[in-house]
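Taking it in order: structure first as structure tokens, then the write-up.
Atoms within a ligand are numbered from 1 in the order they appear, just like the ligands themselves. Side chains are part of it too, since the values below use all heavy atoms of this structure and drop only hydrogens, waters and symmetry mates.
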Amino acid sequence: MEKTPIAINGALKGVARHTVRLVSHFLFPPACAACGRLSAQANALCPQCWTGVRFIERPYCEVLGTPFSHDLGDGILSADAIANPPPFDRLRAAVAYSGPARSIVQNLKYRDRLELATMMAGWMMRAAGDAVRDADFIIPVPLHRSRFFVRQFNQSAELARALSQLSGTPMAVHELIRKRRTSQQVGLGLRQREENVRGAFALSDEGRMRFAGKKLVLVDDVYTTGATVSACTRALRRAKPQDISVVTFAMALPETIS
Ligand SMILES: [Zn+2]
């Protein structure tokens, strides 16, 4: 008999959950995360968009995470990683920045589809779960305050928050600072992008203490030329961390850069 209240409680919770799902289904009918067409499931892709997503999988360069067309064996680096070693230890991205993946990024960034962050972070965990779980802190690429007020949220911070929830690794948002407002990187070449973000990021004194000797994961939505995450990494290096992984949702691959 003692079990009855628990059973009722559980049943009520079930009813409540069902009601919430029903109401949210009515208010926000499930739509494809990329094209927006109505679909059977929320925060998923329709079959057509799903086939258009290119997941980045091994074999890839162990440093830059760029896929190889042939398996050359373990620990092989790309010519680019050897010629221009990045300041971070490794980069991992879930998908190529093209087709439906590009729409998903735009939907998160400009259409306030915040619920997409959880789905995107799930794909990022698939690509970099070990690095994220092993890390001491997850750090989003910061927005300048003025930009934050205009757009109301930082998509990198939303992805970092979702990654933190999925992995249990704490997020650190206040230590890495964007000192000055930079122009949008879109439409700039590599050299211009580097110039644009040079000296734009700084680490607080607290960050220098917190991150010393730690394993860090830096999060951004898209990796294009790497100018932004490289500038952030240089600022983070001042703390002398043990290791810095960059984890992004998408990566522009040579054939998909526009
Ligand atoms: Zn679709």
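With sequence neighbours left out, R234 forms a side chain to side chain donor-acceptor pair (under 3.5 Å) with no residue at all. For E194, the side chain to side chain donor-acceptor pair (under 3.5 Å) test picks out R191, with sequence neighbours left out.
Cation-pi geometry between R178 and F201 is not met at under 6.0 angstrom from the ring centre and within 45 degrees of the axis.
Put simply, CZ on F68 and CD on E57 are 15.0 Å apart, with the number rounded to the nearest 0.5 Å.
The ring-ring contact (aromatic ring centres under 6.0 Å, His included) analysis of residues 208-243, with sequence neighbours excluded, yields the pairs F137-F211.
Here E62 pairs with R92 in a salt bridge; the nearest charged N to carboxylate O distance falls below 4.0 Å.
Around the Zn ion (ligand 1), the protein N, O or S atoms found under 2.8 Å comprise C32 SG, C35 SG, C46 SG, C49 SG.
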